[in-house]
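Taking it in order: structure first as structure tokens, then the write-up.
Naming: A, B, ... by sequence-line order, numbering from 1 per chain. Remember, it's a predicted structure, so these values are computed and weren't measured experimentally.
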There are 2 protein chains.
Amino acid sequence: MSLNRKPRLADVARDAGVSPATVSRAISQPELLSGETLARVRLSAQRLGYSPDAAARALASGRSMTIGAVMPTLDNGIFSKALQAMQENLAAAGYQLLVASHDYNIAAETDAVRTLLARGVDGLFLVGAERAPETRAMVEAAGVPMVLTWCAAPGQPAVVVDNVLAGTLAARHLIENGHHRIGVITGRLKFNDRQEARLEGVRKALEAAGLTLPLALACEQPTNLAGGRMGCAKLLELAEPPTAIIGGIDLIAIGSMVEAQARGLSVPSDLSIVGIDDVDMAAHVSPSLTTVHVPTALIGAQAAKMIVAWLRNQDVDKAVCLPVELIVRRSCGRVPQSPRSPLSGSHGMDS
Amino acid sequence: MSLNRKPRLADVARDAGVSPATVSRAISQPELLSGETLARVRLSAQRLGYSPDAAARALASGRSMTIGAVMPTLDNGIFSKALQAMQENLAAAGYQLLVASHDYNIAAETDAVRTLLARGVDGLFLVGAERAPETRAMVEAAGVPMVLTWCAAPGQPAVVVDNVLAGTLAARHLIENGHHRIGVITGRLKFNDRQEARLEGVRKALEAAGLTLPLALACEQPTNLAGGRMGCAKLLELAEPPTAIIGGIDLIAIGSMVEAQARGLSVPSDLSIVGIDDVDMAAHVSPSLTTVHVPTALIGAQAAKMIVAWLRNQDVDKAVCLPVELIVRRSCGRVPQSPRSPLSGSHGMDS
DNA sequence: ACATTTAATGCGAGCGCTTTCATTCACGAT
DNA sequence: ATCGTGAATGAAAGCGCTCGCATTAAATGT
């Protein structure tokens with residue numbers, strides 16, 4: 001049993017009767033070799049069970065074939081879905097994905113980027129456009145291609161969706177159903193420009209309809225079910241509660257639905273609810289959630305393709321904006337005509 | 001503007017008036033240096049903005065400070081939660097996490113492991129004990145520490161939970177509530193020993209109570225909400241439908257609940273439902289889901305700690321088994337006494 | 001037949017760091 | 001004074017691969 005050390009490139013070269021350089025080319029630029037030589041080298045490599053040393057390649061070539069992704073958290077369906085898509089697409093192009101998370105902490109993002117850069121990543125995915133100037137500076141100084149996701153920064157390649165539009169779509173749908181008092185529960189706005197944009201979109205739609213968003217009707221909550229429940233509870237306990245609620249993400253919307261139902265309200269007849277994201281669950285809760293579809297997996301896939309193209313020096317679209325779309329399901333209805341039990345009546349009739 | 005090339009270790013050495021070896025030690029074994037020298041080197045490093053080159057370190061030292069994790073999918077709360085915990089713990093120890101996924105495809109797992117190994121990972125996390133012999137062989141040949149998660153293989157360090165017990169706990173709870181006809185919806189059993197074990201646990205509890213699991217009452221579905229709905233639909237359409245359903249994972253259980261409710265059944269009075277995992281959502285659906293808590297994040301955290309200890313040549317527990325626990329909420333009730341609308345009556349009275 | 005390309009391969013100098021071994025120096029013991 | 005001793009540091013040989021340049025051989029043109 002010859003359990004000698006791992007074969008190196010030189011071993012293959014010797015075995016195939018060629019120079020190390022030729023073996024190296026057989027791996028990375030096979031088109032430069034004659035068919036015969038290539039075949040011989042491949043045979044030797046195969047026979048010896050050769051597999052190139054990634055660290056050595058990285059050192060010699062200056063490329064690590066590794067891409068870093070820094071997400072707010074991996075523990076959220078929308079990010080893990082994007083991550084999954086990134087991973088698949090990168091793997092297909094020979095790249096590995098290095099992940100880090102910052103839990104919505106702007107300084108933690110800086111640290112993560114620093115670490116990844118020190119790791120020699122060839123490219124970087126970041127979420128959102130808002131970040132510490134230092135972070136941008138580091139990436140720039142390192143000369144590492146970076147593509148943003150979800151939100152775009154000027155002049156920076158990105159794969160985004162129109163979050164403002166998403167908010168507008170959600171609000172407009174409610175307005176068209178006669179709702180005046182619309183509550184909005186967003187995620188924490190700090191270091192989360194996706195949520196900010198969506199909120200802005202809601203405001204826009206409201207203003208376009210001659211309505212406003214009273215301070216009391218907007219609240220920030222953690223981006224999870226519990227946040228949705230709490231936010232909803234808060235809004236429903238208002239003297240003048242909303243007739244409809246927009247969740248900054250589906251999880252919040254669903255949490256709101258649960259809370260409303262737990263309070264004996266019927267969705268949508270007592271309270272309408274709209275989400276944004278269209279997570280798997282949205283179609284399966286009852287009533288099914290009307291929401292604005294955001295192509296999460298596509299964002300990841302596109303971002304991966306973009307960075308690979310960039311690394312291959314191909315043309316890169318400066319920023320692609322993926323479409324969002326209102327998905328009408330069953331969680332929204334016309335504004336209730338009459339006061340309902342735990343809520344005081346809404347003002348003014350409509351329609 | 002001196003935008004020269006990145007400073008190297010030698011630059012720091014020159015600046016600090018010491019040898020490169022000393023700088024190297026300042027980084028990785030500071031305890032070997034005199035306080036004075038260390039301070040001087042650190043100052044120079046800081047001033048020059050030095051950051052060691054990971055590839056060079058990896059090549060010279062034979063350690064990449066990188067750990068690979070191969071998951072069935074990132075796009076599932078339980079795995080992404082574990083991943084998140086792994087990532088945090090590894091980062092704290094100076095390691096980076098390289099991720100890959102195989103989508104429940106055993107050959108894809110082999111490929112992922114091969115790739116990660118070629119990448120020079122210092123350690124590996126895998127899910128479950130079932131896999132291609134080739135995969136094990138590769139890891140062994142590479143001499144890379146590997147820790148398994150969720151399910152243990154003999155003689156292999158692992159952080160697991162007793163999935164059989166989880167299944168038993170779920171079933172026993174139902175049995176104690178008088179249920180005889182218990183349906184089970186698991187995820188696909190192929191290359192998923194967690195689900196197999198849970199199913200086995202259910203069988204055990206049933207047998208211990210003198211009951212059996214008829215073939216018709218067990219079904220496999222995708223591990224998501226839609227799977228739960230379909231599985232539930234199938235079971236409810238049986239001539240003799242179950243009075244209770246166990247979901248192999250919470251997502252399935254919740255999907256079942258939705259389906260049951262969509263069919264006009266009330267949970268738990270018409271149908272009891274138990275899940276396994278205790279995902280965030282479980283506490284927030286309505287009725288809240290009775291389930292078996294599996295400490296997902298802890299699995300990840302422990303696994304990370306274990307592999308770090310191993311890499312530091314510290315003692316490693318061969319296999320830690322984390323506790324599972326039945327969480328009684330509101331989705332289970334006594335078996336219905338009388339036939340209910342869409343279902344034919346259950347046989348024999350109980351209690 | 002001879003110069004000129006073009007294609008295929010080899011040479012060798014690194015890439016930036018780690019680590020073994022040797023060296024130096026200070027200090028307490030003899 | 002002399003000799004270990006151990007702590008602190010330096011010298012230098014790689015780690016395994018890539019790539020610019022040089023070289024050779026074959027093909028093409030005149």
Side-chain angles (χ1 to χ4, degrees), chain A residues 4-42 44-45 48-66 94 117-122 142-143 311 313, chain B residues 4-42 44-45 48-66 94 117-120 122 142-143 311:
Chain A
N4 304 326
R5 71 177 180 344
K6 266 185 71 182
R8 291 160 314 164
L9 181 141
D11 299 323
V12 178
R14 197 175 316 113
D15 186 86
V18 298
S19 77
T22 300
V23 178
S24 174
R25 288 184 191 110
I27 297 166
S28 33
Q29 310 171 70
E31 68 280 7
L32 290 186
L33 300 190
S34 72
E36 188 200 7
T37 310
L38 182 57
R40 194 145 36 94
V41 171
R42 286 197 168 148
S44 295
L48 300 184
Y50 172 70
S51 136
D53 180 293
R57 296 188 76 178
L59 178 57
S61 70
R63 279 169 269 115
S64 68
M65 297 306 282
T66 269
L117 250 20
R119 220 57 183 196
V121 294
D122 292 341
L311 290 168
N313 292 311
Chain B
N4 305 326
R5 73 176 178 343
K6 265 186 72 182
R8 292 161 314 163
L9 181 141
D11 298 323
V12 178
R14 197 176 314 112
D15 186 85
V18 297
S19 77
T22 299
V23 178
S24 174
R25 287 193 270 258
I27 296 165
S28 34
Q29 310 170 71
E31 68 280 6
L32 291 186
L33 301 189
S34 72
E36 188 200 7
T37 310
L38 183 56
R40 194 145 36 93
V41 171
R42 286 199 166 143
S44 294
L48 300 184
Y50 172 70
S51 137
D53 179 295
R57 296 188 76 178
L59 178 57
S61 70
R63 280 169 269 114
S64 68
M65 298 306 282
T66 270
L117 250 19
R119 223 56 183 197
D122 292 341
L311 290 168

**Request:** Describe the nucleic acid contact of B:S24 in one word from base, sugar-phosphate, nothing, applying a heavy-atom distance below 4.0 Å.
**Result:** base
**Message:** Once you apply a heavy-atom cut-off of 4.0 Å, does B:L33 come out as touching a base, just sugar-phosphate, or nothing?
**Reply:**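 Contact class for B:L33: sugar-phosphate only.
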[X], nearest nucleotide to its side chain (from [options]):
{"X": "A:S34", "options": "C:dA8, D:dT18, C:dC17", "result": "C:dA8"}
{"X": "B:T37", "options": "D:dC17, C:dC11, D:dA8", "result": "D:dA8"}
{"X": "B:T22", "options": "D:dC17, D:dG10, D:dT18", "result": "D:dG10"}
{"X": "A:S61", "options": "C:dG10, C:dG16, D:dT18", "result": "D:dT18"}
{"X": "A:A60", "options": "C:dG10, C:dC17, C:dC15", "result": "C:dC15"}

Rounded distance (Å) that lies between atom [atom2] of [N] and atom [atom1] of [X]:
{"X": "B:R25", "N": "D:dA11", "atom1": "CZ", "atom2": "P", "value": "11 Å"}
{"X": "B:D53", "N": "C:dG16", "atom1": "CG", "atom2": "C1'", "value": "6 Å"}
{"X": "A:L32", "N": "C:dG10", "atom1": "CG", "atom2": "P", "value": "13 Å"}
{"X": "B:L9", "N": "D:dA12", "atom1": "CG", "atom2": "P", "value": "17 Å"}
{"X": "B:I27", "N": "C:dG16", "atom1": "CD1", "atom2": "C1'", "value": "10 Å"}
{"X": "B:R14", "N": "D:dG10", "atom1": "CZ", "atom2": "C1'", "value": "16 Å"}
{"X": "A:L59", "N": "D:dC19", "atom1": "CG", "atom2": "C1'", "value": "13 Å"}
{"X": "B:R63", "N": "C:dT18", "atom1": "CZ", "atom2": "C1'", "value": "8 Å"}

**Complete:** Assign each of A:A58 and B:V18 the nucleotide of DNA chain D bearing its closest heavy atom; nearer the 5' end lies the nucleotide of B:V18
**Item:** From B:D53 atom CG to B:K6 atom NZ, the distance as rounded to the nearest 0.5 Å
**Value:** 5.5 Å
**Prompt:** Of B:Q29 and B:A55, whose closest DNA chain C nucleotide lies nearer the 5' terminus?
**Reply:** B:A55
**Message:** Checking the side chain of A:S61 only, and the main-chain atoms of A:R57 only, is there a donor and an acceptor separated by less than 3.5 Å?
**Reply:** yes
**Prompt:** Of the non-hydrogen atoms in A:V121 and A:S64, which two are nearest, and what is the gap between them?
**Reply:**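 Between these two residues, the closest heavy atoms are CA-OG, 3.7 Å.
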**Prompt:** Can you tell which of A:V41, A:L38, A:L33 makes a side-chain contact (heavy atoms from CB on, under 4.5 Å) with A:V18?
**Reply:** A:V41
**Message:** Within a 6.0 Å radius of atom CD on A:Q29, are there more than 12 heavy atoms belonging to other residues, nucleotides or ligands?
**Reply:** yes
**Check: B:R8 side chain, C:dG14 base, donor-acceptor under 3.5 Å** = no
